[in-house]
Amino acid sequence: MQYTTRMVITRFAPSPTGGLHIGSVRTILFNWLYAKHCNGKFMLRIEDTDIERSKQEHVQDIYDTLNWLGLKWDGDVVFQLKNIKRHQEVAQKLLSEGKAYKCYCTQEELAAMRELSVKEGRTPGYERKCRDLKQELDKPYVIRLKCPITGKTEFTDLIQGHCCIDNEHLDDMILLRSDGTPTYMLAVVVDDHDMGITNVIRASEHLNNTYRQKQIYDACGWTTPEFAHVSLIHSEDGAKLSKRNGATTISEYEKMGFLKEAILNYLIHLGWNKSEEEILTIDQCIKLFDIRHVRSSPARFSMPKLLNINSIYMRAMSNEDLCLALQNFAGSDKYDHAGWERVLAGMSELKSRTRTLAELETMSAIYGNDGTYFGKIEADEATKNLFKNIIEENNWPDDIESLTAWLNEKIASHGKTLKEVAPAIRMALTKEKVAPSIFELFKVLGSKIVAKRLASSIA
RNA sequence: GUCCCCAUCGUCUAGCGGUCAGGACGCCGCCCUUUCACGGCGGCAACACGGGUUCGAUUCCCGUUGGGGAUGCCA
């Protein structure tokens, strides 16, 4: 048990080799929430040691995404590449202490051994050929950790519980490559230790690495942080969420018109639920969050659920805020000033019918545009006369109640019922079979535009 | 192949030895209603299987099956 008063420090450590995966966002969220819950810190470390694949644009993308989501990191960003000297020092120290050794085996030899192991049904791995070499050779070498051969390596994972492996299944891992650069395994451990990370919360694909990393901590004589391995997100067909079976990066969801609050709320409930309430504010999440109650099994991504959560957030927004969000999303030059005024006026009815900003953008066109492009409709003489009559009028009642009464009276005076003419009116006004109520349409569009559209529909 | 992890309605989950196994999404029905939504009410639907432990297992242990992950001088 730890009774230290050490401040909790978590971290997110991505390699900048692509867009941020939605699963990574969940990992970030858990790290961030745990840190906030404990009054600790959340740090960002860019693992840019893979020089071939690391790109500055992806680093920027990580910054942008974290900022967009409001999951701000504490302190300066750490770049792993800058710590290479330190990694090498640690490896050399282990070497001088006899806890590591030089291995001269070539990659070809290793590959052949691996193949043989699999063929013979053994756990594949390096078979410690150079471990007890007496003299140094004049050949390129890697530095390997002298791992325990017998016994077990175990730790308690905050999410997965007790994790254990027989050491015979682990081989002597490489610490320093033949070109002298550190491997991921070494770099992560050294950096996490140097940054004072107390809780490593990461994807469960790293669970197997953790046994190895534990051995490095032990060899260095360092305290291991607490680990928490978050399960992966699967797609709706049950396989690992990949580009082939769904949207993977967070920016794709942004482009589909999802609100960041909805994405966050959705992701946090993928594996965690501690409240009767489904919709929680970020402050409530901070208060309630406990990494120990995150489920250890993988969860499937559900688009219908995300759409539902998003629609709840959209409806909860004020019309003004939503209108602003829509302008941000669609571009404020999409409609002219008057057009945006109408969109705002009709927003209440618009938002109850749409689930994303993209859907809202599409439906907002019925108010935003003032054109008469809605085209001809089929209508009988009485309906046409009704339209003509409405077109001639220009002094409608202002409030929706009087307007309703006024319009109903007009319809009745032409020997029609609302039920009979409503579809035609809606089609003439919106070109859609589905839209807000026609009274609402009249009110928001105003007499001029209604007249224009009705006229063009019977022209 | 070998190793590691996981297993409650279709999906996300609550449960932490005794519950009519609760909620949410989706689905179905009804109400509201000029359409479609929103909203309201109701319904269908789950403890993977087999052994133990126990007075009693969804819950604890062991198998089986199924799913996922790892098996790099990538991270």
Side-chain angles (χ1 to χ4, degrees), chain A residues 13-17 47-50 52-54 80 103 105-107 110-111 114 117-125 140-144 157 159-161 163-166 168-171 173-185 187-188 203-212 229 231-232 234 236 238-240 266 269-279 293 295-309 311 315 348-355 363 407-408 411 417-423 425-427 430 432-439:
Chain A
S15 51
T17 53
E47 309 218 321
D48 51 356
T49 49
D50 187 339
E52 296 274 302
R53 295 192 300 150
S54 294
Q80 191 157 60
C103 168
C105 296
T106 64
Q107 299 202 45
L110 294 173
R114 215 168 4 248
S117 301
V118 172
K119 210 171 149 190
E120 295 179 352
R122 284 170 291 133
T123 305
Y141 63 87
V142 298
I143 294 181
R144 288 182 183 273
D157 189 283
I159 294 173
Q160 306 287 343
C163 296
C164 180
I165 195 172
D166 285 328
E168 59 179 286
H169 295 303
L170 260 24
D171 66 356
M173 79 201 87
I174 295 174
L175 264 20
L176 242 43
R177 303 186 188 104
S178 51
D179 66 358
T181 58
T183 58
Y184 160 78
M185 218 61 83
V188 172
S204 68
E205 55 194 337
H206 289 292
L207 190 59
N208 285 290
N209 293 334
T210 308
Y211 297 112
R212 296 173 175 282
H229 287 91
S231 64
L232 267 23
H234 290 181
E236 296 178 71
K240 187 175 170 181
Y266 173 72
H269 283 121
L270 223 50
W272 179 81
N273 195 322
K274 260 288 151 252
S275 166
E276 291 290 306
E277 293 297 318
E278 193 83 4
I279 303 299
H293 287 112
R295 278 175 63 86
S296 51
S297 49
R300 283 191 197 195
F301 183 86
S302 167
M303 188 55 95
K305 182 94 180 185
L306 213 209
L307 284 168
N308 175 263
I309 302 278
S311 71
R315 274 179 272 127
S348 293
E349 292 295 308
L350 247 26
K351 71 183 178 186
S352 76
R353 265 159 261 257
T354 51
R355 299 170 300 178
M363 194 174 266
L407 190 53
N408 274 324
I411 293 166
T417 64
L418 181 60
K419 205 163 187 165
E420 284 169 339
V421 296
I425 295 176
R426 179 172 304 104
M427 187 57 86
T430 69
E432 302 287 342
K433 279 185 287 206
V434 171
S437 94
I438 59 171
F439 305 115

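Values below: every heavy atom of this structure, side chains too, minus hydrogens, waters and symmetry copies. Just so it is clear: chains get the letters A, B, ... in the order the sequence lines come, proteins before strands, and each one is counted from 1.
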For the atom pair CZ (A:Arg355) and CZ (A:Arg315), what is the distance rounded to the nearest 0.5 Å?
10.5 Å
Measuring from A:Arg212:CZ to A:Leu175:CG, what's the distance to the nearest 0.5 Å?
11.0 Å
Please give me the minimum heavy-atom distance between A:Leu232 and A:Glu205, naming the atom from each residue.
CD1-N, 4.3 Å
Can you name the closest pair of heavy atoms from A:Leu207 and A:Cys163 and give their distance?
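Closest pair (atom of A:Leu207, atom of A:Cys163, distance): CD1-SG, 4.1 Å.
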For [X] and [N], give me the distance from atom [atom1] to atom [atom2], rounded to whole Å.
X        : N     : atom1 : atom2 : answer
A:Tyr184 : B:U71 : OH    : P     : 10 Å
A:Ile165 : B:A70 : CD1   : P     : 14 Å
A:Phe301 : B:G67 : CZ    : P     : 23 Å
A:His206 : B:C5  : NE2   : P     : 17 Å
A:Ile174 : B:G72 : CD1   : C1'   : 8 Å
A:Ile425 : B:C36 : CD1   : P     : 17 Å
A:Arg426 : B:C36 : CZ    : C1'   : 8 Å
A:Lys305 : B:C12 : NZ    : C1'   : 5 Å

Considering only side-chain heavy atoms of [X], which listed nucleotide, [options], is closest?
X        : options             : value
A:Glu205 : B:G69, B:U34, B:G26 : B:G69
A:Ser296 : B:U13, B:G1, B:A7   : B:A7
A:Arg353 : B:G68, B:C36, B:G26 : B:C36
A:Gln160 : B:A24, B:C12, B:C5  : B:C5
A:Glu47  : B:A75, B:C3, B:U13  : B:A75
A:Ser297 : B:C6, B:A75, B:U35  : B:C6
A:Pro304 : B:A75, B:G26, B:G69 : B:G26
A:Lys274 : B:G67, B:G15, B:C4  : B:G15
A:Asn273 : B:U2, B:A14, B:U34  : B:A14
A:Leu207 : B:A75, B:C6, B:C5   : B:C5

Need one value for [X]: base, sugar-phosphate or nothing, where a base atom within 4.0 Å counts as base even if backbone is also close, heavy atoms only.
X        : result
A:Tyr211 : sugar-phosphate
A:Ser437 : base
A:Glu278 : sugar-phosphate
A:Leu418 : base
A:Cys103 : nothing
A:Ala435 : base
A:Gly271 : sugar-phosphate
A:Asp157 : nothing

Base paired to [N] (Watson-Crick or G-U; both N/O distances under 3.5 angstrom):
N     : answer
B:C38 : none
B:A48 : B:U64
B:G1  : B:U71
B:U19 : none
B:A24 : B:U11

Would you say A:Arg295 places a side-chain N or O within less than 4.0 Å of OP1 or OP2 belonging to B:C12?
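So the side-chain polar atoms of A:Arg295 never come under 4.0 Å of the phosphate oxygens OP1 or OP2 of B:C12.
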Compare side-chain N and O positions of A:Arg355 against OP1 and OP2 of B:C38 and report whether any pair is under 4.0 Å apart.
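Answer is no, no contact under 4.0 Å.
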Can you check whether any acceptor in the base of B:C6 is under 3.5 Å from a donor in the side chain of A:Ser231, or vice versa?
no
Give a yes-or-no answer on whether the side chains of A:His206 and A:Asn209 include a donor-acceptor pair shorter than 3.5 Å.
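A:His206 vs A:Asn209: donor-acceptor pair found between side chains.
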After noting the C-alpha distance and the side-chain angles of A:Lys305 and A:Glu236, does the key distance pass the salt bridge (charged side-chain N to carboxylate O under 4.0 Å, His left out) rule?
CA-CA 11 Å; A:Lys305 182 94 180 185; A:Glu236 296 178 71; over 6 Å; no
For A:His169 and for A:Leu232, locate the closest nucleotide of RNA chain B by heavy-atom distance; then report the residue assigned to the nucleotide nearer the 5' terminus.
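The residue whose closest nucleotide sits nearer the 5' end is A:His169.
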Starting at the 5' end of RNA chain B, which residue's closest nucleotide do you reach first, A:Arg53 or A:Cys163?
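The answer here is A:Cys163.
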For A:Ile174, does its backbone N or O pair with a side-chain atom of A:Thr183 as donor and acceptor, under 3.5 Å?
yes
If we ignore hydrogens and angles and just use 3.5 Å, is the side chain of A:Tyr266 paired with the main-chain N or O of A:Ser302 as donor and acceptor?
yes
